[in-house]
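Values reported hereafter were calculated over all heavy atoms of this structure, with side chains retained and with hydrogens, waters and symmetry mates removed.
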Amino acid sequence: MEPEVLEAELILPTYLSFKRVQTYEKYPKGQARGRHWKHLKQILQAENYQNYPPDEPNYVNIESPPSMHPCKRICDITGFEAPYYDPRTNLRYANADVFKTVRSLPNEYVQRYLALRNAAVVLK
């Protein structure tokens with residue numbers, strides 16, 4: 001082409017960032033739309049773990065040591081993280097509203113909450 005034509009001609013990119021891309025342009029027919037995650041059951045069926053030696057680690061026989069971090073303290077009433085505990089009942093609570101509820105609970109309910117947490121103690 002002549003030099004004058006090349007200078008006058010605009011060269012546009014094939015994709016403009018401000019334009020919305022249609023899905024049929026982005027994913028031609030027959031192409032996957034994204035990553036498909038497998039569930040553990042699907043992995044176990046596909047890998048055929050019965051043929052592996054028993055001492056080789058895999059998804060079925062993985063073992064880990066106990067955690068070095070302290071366990072999270074959970075509110076006995078709401079299930080949220082509990083930074084406080086009531087010294088009278090030993091129940092953990094998350095905020096002041098829950099504290100009012102904890103103090104208003106009868107003794108038998110307090111014992112049931114502590115039994116759920118395996119911290120049942122005979123209260124005075």
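- Distance check: Asn95 CG to Tyr84 OH gives 8.5 Å after rounding to the nearest 0.5 Å.
- Side-chain contact between Asp86 and Phe99: present, with at least one pair of heavy atoms (C-beta onward) separated by less than 4.5 Å.
- Summarising the geometry, atom CZ belonging to Arg92 is positioned 13.0 Å from atom NZ belonging to Lys72; distances are rounded to the nearest 0.5 Å.
- Separation of atoms OH (Tyr93) and CZ (Arg103) is listed at 7.5 Å; rounding is to 0.5 Å.
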Problem set entry | Verdict with reasoning, Tyr85 to Asn90, per side chain to side chain contact (heavy atoms under 4.5 Å, CB included) | CA-CA 6 Å; Tyr85 86 100; Asn90 282 340; 3.7 Å; yes
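- The two residues Ala94 and Pro83 have their closest heavy-atom pair at O-CD, 4.1 Å.
- A heavy-atom distance below 4.5 Å is not found between the side chains of Tyr113 and Arg117.
- Contacts of Arg112 classified as side chain to side chain donor-acceptor pair (under 3.5 Å), with partners at least two apart in sequence or in another chain: none.
- For Arg73, the side chain to side chain donor-acceptor pair (under 3.5 Å) test picks out no residue, with sequence neighbours left out.
- With Thr78 contributing its side chain and Cys75 its backbone, the two residues share no donor-acceptor pair below 3.5 Å.
- Note on Tyr109 and Val98: same hydrophobic cluster, where clusters join Ile, Leu, Val, Met, Phe, Trp and Tyr whose side-chain heavy atoms are under 4.5 Å apart, directly or indirectly.
- Of the residues listed (Ile77, Thr89, Asp76), the one engaging Leu105 in a side chain to side chain contact (heavy atoms under 4.5 Å, CB included) is Ile77, and it is the only one.
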